[in-house]
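Below: the structure, in C-alpha cells.
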Protein chains: 2
Amino acid sequence: MVRVVAPSGPFDPDLFERGVAVLRDRFGLHPRMRADIRAAHGYLAGEDVRRVQEWQEASTDHEARAIWAARGGYGAMRLLHRIELPRLLHPPKWVIGYSDITALHAALNGAGLVTCHGPVVTQLPRVTPEVLDHLEAMLFGEPRPAAGPGPAPGAGVAGTGVIRAGSASGALFGGSLTLLAHLCGTPYLPRLRGAVLFIEDVGEKPYRLDRYLTQLRLSGALDGVRGVCVGHITDCDDAGVSGLATVRELVRALGVPAVDGMPVGHEDRNLPLPLGSIVTLVAPGPGEAGPPRLLFDQGARA
Amino acid sequence: MVRVVAPSGPFDPDLFERGVAVLRDRFGLHPRMRADIRAAHGYLAGEDVRRVQEWQEASTDHEARAIWAARGGYGAMRLLHRIELPRLLHPPKWVIGYSDITALHAALNGAGLVTCHGPVVTQLPRVTPEVLDHLEAMLFGEPRPAAGPGPAPGAGVAGTGVIRAGSASGALFGGSLTLLAHLCGTPYLPRLRGAVLFIEDVGEKPYRLDRYLTQLRLSGALDGVRGVCVGHITDCDDAGVSGLATVRELVRALGVPAVDGMPVGHEDRNLPLPLGSIVTLVAPGPGEAGPPRLLFDQGARA
C-alpha cells in the first residue's frame with residue numbers, strides 16, 4: 001500500500017488519475033489518499049491545515065510502504081515548521097517526489113532519513129519505461145537494505161558532461177536548486193559539508209539560477225561540499241544566455257569534482273536518486289574510462 | 001559631484017542618458033562615471049571585476065557627495081564578498097537606488113550606514129515631479145544632519161492601507177522582497193529584530209512572494225520585527241490570485257503594525273526612503289486620524 005499526498009500545489013485531475021493507474025498497474029500498489037486530495041486554494045492544494053493533516057496521517061500509517069507526492073508546484077515549505085518530520089516516519093517508508101518536494105526531502109535527509117528523488121504521480125504517465133524500471137528496483141527490488149529505505153546495491157546513473165574531473169564520496173543531498181536556495185538560513189537545509197550535492201531546475205532564467213547559487217555560496221552552505229551533480233536544466237535559457245552554461249560556470253568555480261547531464265529532473269527521463277544515502281561521484285578526466293556517473297554505494301545509509 | 005555606477009544589470013543607453021540629464025538639469029549635479037559603465041556581459045553590466053573596481057573607485061572618491069546606481073536587474077549581490085562596504089564610504093556619502101540595489105543597501109545598513117532607497121538613474125526620466133522634490137529635500141536639502149547622510153527632520157511618506165493597526169519605531173531596513181529573501185542565511189541581511197521592515201516587489205507571481213516571506217519567517221529573520229510597510233506590489237497577480245493580497249495575508253500573520261500602499265517601488269511614484277535611519281510607522285485604527293504613514297524621526301540615525 002502506498003499513500004498519495006499533495007503537500008504542494010493543486011494538480012490536473014486527469015493526469016493524476018493516469019498517474020495513479022501507473023502505481024496500480026505497473027507496480028501493483030494500492031494507492032490510498034484522502035477524499036480532499038484534489039482541494040485547491042489558490043496556488044496550494046488546499047489550506048495548510050489540510051496538507052499538514054494529510055502528511056501526518058500518511059507518515060504514521062503503519063500499512064504504507066511509501067508516501068508518494070501527487071505534484072510539486074509550491075507549498076511544501078509552508079508545512080515544515082508544522083510537522084514533526086522524522087518522528088512520524090515510523091515504520092520507515094520511502095518518500096517519493098521532486099521539485100517542490102525538495103523541501104520535504106531536505107528536512108527528512110537532514111534528520112538522517114533516506115528518501116527517493118523521483119517522479120511525482122502526475123509525471124508518471126509520461127516518464128520513459130526505464131524510469132519505471134529504476135523506480136521498481138529502488139523502491140521494491142531485492143535485496144532490500146535491512147534498515148529501511150535505501151538504494152539497491154551497485155545501482156547508479158550516468159551523466160553526459162564533466163564540469164571538473166575527479167571523484168568524491170559522501171551523502172547525496174539536493175533537488176530543485178530554487179528550493180535549496182529558499183531553504184538557506186532556515187533549519188531545513190541539510191549540512192552540505194562532506195556531501196555530494198545534486199541540483200536540477202526548470203523555468204528559471206539564468207540570472208535567477210545565478211542568484212540561487214550565489215545565495216548558497218554567500219551563506220556558506222557550499223563550504224566543504226565534496227562534489228556536484230547537475231541534472232536537467234530545463235527551459236532556463238533567456239536572451240541568448242544559456243541556463244546550463246550559467247550553472248556550469250558557477251559550479252566549476254566551487255573547485256570540486258562535478259558532472260552535468262544527469263537524467264534527473266523536469267524531463268521524461270527522470271531517474272530516481274536515493275537522497276540521504278552514500279554515493280560516489282565519478283567525473284572522468286581525459287583518457288579515463290566510463291561516463292560521468294553517480295554510484296549508489298551498496299545501499300549504505302548516510 | 002555624484003558618481004554613477006552600474007553594479008547590477010546592463011541598461012538601455014537612451015534611458016540612461018535621459019536620467020543623467022535629470023541629475024544635471026534638475027539637481028545641478030556633475031555626474032562622473034567610468035567610460036565602461038555601459039558594458040554588458042549577459043545579464044550583468046560587465047564582469048564582476050569591472051563592477052567591483054567601479055564601486056571601489058566611487059566609494060573612495062573624496063569629491064563625490066553620492067553614489068547613484070544606473071539600474072537594478074541582477075548582480076549586486078555577486079559583489080558583496082568582494083568589496084569592503086563600510087570602510088570605503090569615506091567621506092560619508094549617500095548611496096541611491098532600489099530593486100537589485102537592495103543587496104548593497106542591506107550590507108551598508110547592516111554596517112550602520114544610512115542609505116537612500118530611491119529611483120535608479122534609468123527610472124529618473126519617468127518619476128513624478130514629487131519624487132524629484134523629495135529626492136532634493138532628502139539628499140541636498142537643509143538643514144543637513146551633521147554626521148552625514150540622513151533624512152531631513154519631519155519628513156515622511158503616507159500609504160493607503162492598514163494591514164494591522166498600531167504604531168512602531170525602529171531602524172528602517174528593507175527594499176526588494178526578492179532580494180531580502182535571497183540574502184537569507186548570508187552575512188548581509190541586517191538584523192531585523194527591533195526594526196521596521198519595508199518591502200516592495202515587481203513581476204513575481206504570488207507563490208514566489210509567498211516563498212520569499214516564508215523563507216524569511218522560517219529563517220527567524222522576522223523574529224522581533226516591530227512593524228512592516230508594504231510599497232508597490234507591481235505586476236504580481238497571476239491566475240486570479242492577487243500578489244498584494246498574498247503579501248497582506250502573510251504580513252498580517254506576523255502580528256505587528258503594518259501598512260500597505262506606500263508609494264515606493266517599481267512605479268512612477270517612487271518616493272525616497274532613508275534606510276538605516278530611525279522611523280515611526282503609524283497604522284491608524286478605526287476612528288484614528290490621519291493616513292497610514294512612515295515618519296522620518298528628526299534625522300536620527302540608527
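Excluded from the calculations below are hydrogen atoms, water molecules and symmetry mates; all remaining heavy atoms, backbone and side chain alike, are included. Naming convention: chains lettered A, B, ... in sequence-line order (proteins, then strands); numbering from 1 in each chain. Since the model is a prediction, treat every value here as computed from it, not as a measurement.
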Checklist outcome for this item: A/Arg38 meets the side chain to side chain donor-acceptor pair (under 3.5 Å) criterion, sequence neighbours left out, with A/Glu17

Next on the checklist: Please find the pair of heavy atoms, one from A/Arg208 and one from B/Tyr212, that lie closest to each other, and give the distance.
Outcome noted: NH1-OH, 3.4 Å

Checklist entry - Relative to chain B, which segment of A/Leu213 carries a heavy atom at a distance below 4.5 Å: side chain, backbone, both, or neither? => result neither

Checklist entry - Any side-chain heavy-atom pair from A/Arg78 and B/Leu218 closer than 4.5 angstrom? => result no

Checklist entry - Checking heavy atoms, do the side chain of A/Asp238, its backbone, both or neither come under 4.5 Å from chain B? => result neither

Next on the checklist: Can you confirm whether A/Leu44 sits close enough to B/Tyr207 that some side-chain heavy atom of one is under 4.5 Å from a side-chain heavy atom of the other?
Outcome noted: no

Item to check | Partners passing ring-ring contact (aromatic ring centres under 6.0 Å, His included) against A/His232 (at least two apart in sequence or in another chain) | outcome: none

Checklist entry - Listed by residue number, which members of residues 180-202 of chain B have a heavy atom under 4.5 Å from any heavy atom of chain A? => result B/Ala181, B/His182, B/Leu183, B/Cys184, B/Gly185, B/Thr186, B/Pro187, B/Tyr188

Side-chain donor/acceptor pairs under 3.5 Å, residues 6-16 of chain A, sequence neighbours excluded:
residue : atom : partner  : partner atom : Å
A/Ser8  : OG   : A/Asp100 : OD2          : 2.6
A/Asp12 : OD1  : A/Asp14  : N            : 3.0
A/Asp12 : OD1  : A/Leu15  : N            : 2.8

